[in-house]
Amino acid sequence: MERSQVGDLSATNEALRSALTSQFFEYTPVPRAFDDIKDERDVRNWLRWLCTSLEQAGNDQSYGNPLSLHLHNRVLPRAGACLDVASVSLSFRRVKLSSDSASTTTDRFSQLYPLTWMASTIAPGQDGGSVEETSTILAGNVSWVHTPSCSSCGDAGYQDAGGYLAMTTSSATGTFVHLVDQSQTFDVQPNEDVYHCDQRLLRSGSVTLDAFLSEPFFDPQLGSLTVEFQSYNANYQSLSRVNVFFQFSAAGGLSSHSLRADTIRLDVSHGWIHYFEYAYLILTCLYFFELVYRIGKGFPTYLRNFWCYVNACSIIGSISCFGLWYYYMPRLRDFQIGRQFEQPAEFQSRFETFSLYIVASSFATFTIYLRVLQFLSNTRSRVVLLLKTIMFSAGNMVVYILYIGVIFVGFFTFALTHFAPLSANFTDPWHTFVSTFSLFFGDLSVVNGFQAPLRVPFIWLFMFFFFFLSVQMFNAIINYSYNRVSEDMKAVFQREQYEQQLKRKKKGRSLWQIITSLRKPKPAEEQEDVEAVSAGVNAQTTAVVSDASALDEAVRQKVEEYRGRDTNKSAKDGICTAVAYTVMVACYIWFLYVNMRVEEKSSVRLVVNETVHALEVSSSMALGSVEPPPETWADIHAWPQAISWIQAGLPQLVFNSTSATSMALAVSAAEPVASEGTRCLRSWNCFVTGISANASRNIVRITQKRSKRLLNNGARHDSTPDDERFIGGIDNVTGKEVQQLLVNVSGFSQRIDPESSSNVAEDTNVQFQLALREQELCRSVAADTPGSYKKTGGIVCELDSDPVIFREQMDLMLSSEFFTTASATFVVELVAHNVNRDVLSYIIIKFVQTPAGEVKKDLRVYSLALFGWDVGVDKLEYFIGRLLPGVVYMILVTCFTIMLYREMQTEHTRRAVSLEGAGKGPGFLTTIYTFFVSDIFRPVDALSFLMSFWSFVLFIMWLVKEGELPQKLSADYGSIVDFASELTAQEREYNRISSANLLLIFVRPLRFIREDPRIQKINQTLKEARTDIFWFIVVLGIVLFACTLLSFVSFGPSFIKCADIFTAFIFCFSFIIGEFDFWSLYNANPTMAVLFFFPYLILVYCVFTNIFFAILDRFFVSADPPPIKFKRKLKPIFSKICRCIDWDDDFVMEGDPKAAKKDGPVSRAGRVAFTAKVIHNIRKGLDGEAGGQMSLSKPLREVCDMDDRLLGVVKWGKEEASSLVSEFQNLLAKKQNYKNEDVFIKQVVMKKVDQDEGRTRAEMEEAHRQMRYAAEVHEVMALRDQQTLAKYIWLLEQKIQKKMNDQHALKMEVHHLQEEMDRMRFTKEELRNQATGMGSTEAMPDDETNGLPNSDEEDMDELREGEVVAGALTADDPNAAMDHPMPRENPTTISMLNALNGHKA
């Protein structure tokens, strides 16, 4: 930081840019500045303005150094020019014309355009080749020779690309333009009359500026023009190079123009910083050796560690910084002690080295702060969680980016094709890519300002797919990664929690516990009350404490938590408390509204701002005889403009902001509203005046601070060695070093703060006295004494309220060197009063000059509503209306404070009673600490009450001080202004405290609703996520600060938003909310812009924001809250007023408390946890880990009976595992005796490994032998036995089959005999009836029987065939005979047998 001095470089570059771009170079017909340049004519006018400004610099109207821009930036001469001039180099690149119409305009347009450009343009620094015009230009009596490109010459134009080169030399007497002739075609000797002093400038001729601009050098062949010059700032001891580019296109106009300023410091000497550099270099080397050792020890595993590469980049960047700096220092010293500053190539080579140093230092700083995350990850598991989340999601993010990149290319090509003719944001592929990428992140400004047929569909489709869909996809990827890593690290978090419990259990008493144990003894009566209250519970408490002390740690913690549930629970606020608090808040808001009167004060401030910004004053920076246009407040950029505004604008503000007619009517009306001599701003804001020594009335006070003006000695510090000081020049006559030759004075090295009395660069010894008509006008005021702005001292002038005298005083100040080159700050103070609103306004107008010459202006209006104690009796009701709300508010604040104190006393008594039986009582400090820590709303309330009392004291002090206003108004004007300053400062302090108090007051209502189940869900979510959120903020802060330092060092010198650490932090933080500016970074440092912008935007916008959402999503408490019962809530208030309503009815059905809760939708965290568990179990099963089980596996005892043999196997497995663990424990114990781990591994571990390997190999070979014996002997015998058994079984099956066939044949014979017997016993009709299911008594008639189509024989044959078929179907199955009904089961056979035996049927 100290070496680069980014702030000084940024201030110098910004001042040079402001000097060249903010001033008007043309006044008619309309004022035109640098950004308004459109064509070749504007370029010529701008060049004329630049040279004229250098000519006029240093005169009485500029208040600066000669030949300087913005007072202090001395434009240097080039080699060959005299040292007392300013030189500007011009590089013209002209495009060659072609008459070949066939390859350009075709024959159709050859008659209209016989000659055309051979190329679209020639960019500055580009090799023109064959398309560049190189012929000699003849203009009058001078010739201009083309200079060819020469990469090693250093004097061949911009980037040695050649062209038509010219150099302007300007002084107070005029400007000459020298046409450079590096080929020495024309031998023109030096001539001091045209500021050509030596032979280093080779020219073909010289012309005046007007002649050069009027000659045909700016012709249609001009492709580009580069304007170069160098400047020297003696205050900063810096050297700057400015390049202005104008590029013309074949379209016939100026296609682009830009400006770039680069600065290096000349005085880099420092008394003690190199000691820190050496120490850092040594530590970096040690860190390098450590990294090499770790890589060698853990190769190649350590190379997979991300921090290995971060550390390597940090070491490389740090060593590169040292190497580049100590390579840069000798070259810079050579640059200082000679006249090499006259050679642009010398500056370019040194600036390139310095730029490399800036890049290396930015990367080194960035990686150094990233290494803080590495140290935190070694100690904080939550940091590891966040880092692993980023690493885990990186692969999916890259894949998805590549996936959407294909579609992005389609939109990119569409935008390039469709929008390129209509918008500058899509003119080329690079601009189109940046514009579409910005649109990806929600920047719609890139598609504004033009109309296209497909613009709206393109925006809709692009934003839907990328801004909505893709961003949500990023959220899903990050959310899954965070939940997955959280599940993987759950065991780590549980172990840390257990270790913390053990640490708290083993830890002794801390210093805080010793301090808080000191408590004040209670009074005797209080002690007796405590003993009486605790007497009934001492025995139980003692028993509980003694039992709890013997419990397990986890159980004891739950017991203590249960015992302290009442202690940690805050008292519930009732409805009366809520109503009282609402009244208090309403009274406070009412009190602030009627006393602060923000609307009235804002209206006065807006009126003053509008009036000041609308004032127009004549410019003091005229060019020639042309009258410059009037300038407003916004046009003030240079110090002469600020002085001109004080001289001409301040009188207009005081005397002319209200028309003379209106003031005459106000003073001379029948009922005048203003006294004679009153001066008002916009009629009603009248300025307060004070008496002076001559009894006149003063109206304005101006305080000036001056800077030190010392002889320029080429260094900022006196301690700088002589050989490291910038010489600045060598006298051509004497040949001696003259450090004051370029710039005579310096010393203004730091900005002077008008609000501080301890400015290093301020000249506090200046004595200035000025009087008009023997009355004191200006005087020097010492610091810390009244009479100056904020009592900081300076030169103070008080101006009269009479416009004539005011003008005389201003003229006297102008002629008496009140405004000088040493003037650094001006502060204009006025006091105004608005009678309509009774508002007193303190107006401050500041002009501050930086050491680079730029002006920082500021306008502040501080207003306050007066109380008007002097007319209190007449406005009693008004006073009561303003004070009554405050009185009610303070009464309620006092009541709530007493309630808070009583609650704390009750807490202390409760803790004393609960812990008395254990023989220990809480200290009062311990109670205070526990009381406020246990409830977040208690410290908020305490802080709010404290701020309320403090603001009340400030309000009383404000009222007392305002009571002095009538006496102060009769005093001198300086006292009035000081009083107004102090009064408004006190009001601003009261305003700040009240604003903060309002914020705290509106936090308190959350306490009233925290018992609501919905609010409890939110509070529980934030409580559970607080640890992750805290470490997320820490990690984000580290990354953000590292990127802030990188942007500060890389872009700060050329980008104003990164000029200091604070603004760079704001700029980097704005990326998180989607606000970014790529092109500003690209113009400042193109390489670093590309390396920084795109990765950083994706990291903070897509990764970190989604990690925060993932944290809240994971810890979100999902539960269905009960419905709101409005009647029960309103019952305490309206039950006695309105009795016709049943306040107890409840139509919401309560669920069964014993019923199991239904599972709701699975959250993201739940799905990820389930998936992670499945993957973990699968991996355990695949990897074969000991004890690894699949997710669906069961314990062995649930699968089978644990018999003796299985128990033996389990026992054997446990013994083997125990033996293995014991062996490794023995090895671990032996390892402690060895200092060298490698020796231990070789002598002990490898020896045991070899023994185990031999034993295992022998067992394996024995098992292999047994396996072969079993395969050759036992398996053959078993096969033979199985074959014999199979044959035996087959023979038995054959015998059984034969027996079954004989049985079936016998059954068929029996059945046949039974049928024969039935035929002999019954007739055909009876048999037919039996076959159809009818008995003999139900026989059909003969006539019906005779009518059947078949005969009796046919029927019997069919019946027999059916039976045979049925038997044949089952004959193949030997077992089917067993299922056939036995003959005795037939009813007919039973009847027949009964008849044969003599029984009745």
Side-chain angles (χ1 to χ4, degrees), residues 2 4-19 54 57-58 62-76 86 229-242 261-270 332 336 341 637-640 642-643 704-720 724-729 738-754 756 759-764 766 819-826 847-856 1052-1053 1056 1059-1060:
E2 183 65 27
S4 59
Q5 285 293 328
V6 176
D8 295 348
L9 302 182
S10 175
T12 305
N13 292 333
E14 185 64 24
L16 290 170
R17 282 192 293 266
S18 174
L54 294 176
S62 65
Y63 302 97
N65 297 316
L67 304 175
S68 299
L69 296 175
H70 267 352
L71 284 71
H72 306 300
N73 301 288
R74 165 68 154 91
V75 178
L76 299 177
F229 63 87
Q230 296 180 169
S231 65
Y232 166 61
N233 188 296
N235 296 328
Y236 283 138
Q237 289 298 328
S238 62
L239 197 66
S240 303
R241 178 193 59 187
V242 178
D262 300 314
T263 304
I264 60 173
R265 291 180 58 206
L266 297 175
D267 185 7
V268 295
S269 176
H270 204 286
L332 181 63
Q336 291 173 316
F341 65 87
H637 298 284
W639 197 238
I643 296 176
Q704 177 192 172
K705 288 180 178 290
R706 292 186 176 180
S707 62
K708 295 178 180 179
R709 309 303 290 172
L710 306 174
L711 286 178
N712 181 21
N713 57 7
R716 293 179 60 175
H717 310 286
D718 296 335
S719 60
T720 303
E724 295 183 8
R725 296 174 182 266
F726 180 61
I727 292 178
V738 183
Q739 293 173 334
Q740 295 83 30
L741 188 60
L742 295 177
V743 178
N744 187 37
V745 294
S746 63
F748 185 21
S749 59
Q750 294 183 7
R751 182 186 301 183
I752 297 176
D753 185 6
S756 175
N759 294 291
V760 178
E762 181 183 357
D763 187 2
T764 58
V766 62
F819 303 100
T820 67
T821 57
S823 301
T825 65
F826 289 108
F847 298 98
V848 180
Q849 179 189 169
T850 65
E854 192 179 8
V855 174
K856 302 294 184 182
I1056 192 62
D1060 58 77

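Quick caveat: nothing in here was measured; it's all calculated off a predicted structure. All values below come from the heavy atoms of this structure, side chains included, with hydrogens, waters and symmetry mates left out.
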Begin with the C-alpha distance, continue with both residues' side-chain angles, and end with the deciding distance and a verdict on side chain to side chain contact (heavy atoms under 4.5 Å, CB included) for N73 and T12.
CA-CA 8 Å; N73 301 288; T12 305; 4.0 Å; yes
Would you sort out whether L332 and L266 count as a side chain to side chain contact (heavy atoms under 4.5 Å, CB included), showing the intermediate values?
CA-CA 7 Å; L332 181 63; L266 297 175; 4.2 Å; yes
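A heavy-atom distance below 4.5 Å is found between the side chains of F748 and Q849. Proximity of T850 to K856: side-chain heavy atoms (C-beta onward) are separated by under 4.5 Å at one or more points. Residues L16 and H70 form no side-chain contact, since every pair of their non-hydrogen atoms from C-beta on lies 4.5 Å or further apart. Residues N233 and T263 fail the side-chain proximity criterion, which asks for heavy atoms closer than 4.5 Å. Counting only heavy atoms from C-beta outward, the side chains of V6 and D1060 never approach each other to under 4.5 Å. Contact of the S231 side chain with the S240 side chain is registered, since non-hydrogen atoms from C-beta on lie closer than 4.5 Å. A 4.5 Å side-chain heavy-atom check between L69 and F229 finds at least one atom pair inside the cut-off. At a threshold of 4.5 Å between non-hydrogen side-chain atoms, the residues R74 and N65 do not count as touching.
D262 meets the side chain to side chain donor-acceptor pair (under 3.5 Å) test with R241, R260; sequence neighbours excluded. For R751, the salt bridge (Lys or Arg N to Asp or Glu O under 4.0 Å) criterion is met by no residue, not counting sequence neighbours.
Within the 3.5 Å criterion, the main-chain N or O of P1053 finds a donor-acceptor partner in the side chain of N13. Checking side-chain atoms of S823 against main-chain N and O of T820 turns up a donor-acceptor pair under 3.5 Å. Side chain of K708 to main chain of S749: no donor-acceptor pair is present (N/O by atom type, distance under 3.5 Å, no hydrogens or angles). Here the side chain of Q230 pairs no donor or acceptor atom with the backbone of L239 at under 3.5 angstrom. Using a distance-only test at 3.5 Å, with no hydrogens or angles considered, no donor-acceptor pair links the side chain of D753 to the main chain of N759.
Taken from CD in E854 to OG in S18, the straight-line distance is 4.5 Å, to the nearest 0.5 Å. The distance from atom NZ of K705 to atom CG of D763, rounded to the nearest 0.5 Å, is 11.0 Å. Interatomic distance, CG of L9 versus CD1 of I264, reported as 9.5 Å (0.5 Å rounding).
Note on ring orientation: taking the six-membered ring where Trp is involved, the planes of F826 and W639 are parallel (angle under 30°, cut-offs 30° and 60°).
Between A11 and A852, the shortest heavy-atom distance links the atoms O-CB, 3.5 Å. The nearest pair of heavy atoms linking A1059 to S10 is CB-OG, 3.1 Å. The nearest pair of heavy atoms linking A822 to R709 is CB-CG, 3.7 Å. Among all heavy-atom pairs drawn from F847 and A642, the shortest one is CD2-CB, 3.6 Å. Of all non-hydrogen atoms in Q237 and A234, the two that sit nearest each other are NE2-O, 3.0 Å. When all heavy atoms are compared, the tightest approach of L67 to A86 is CD1-N, 3.7 Å.
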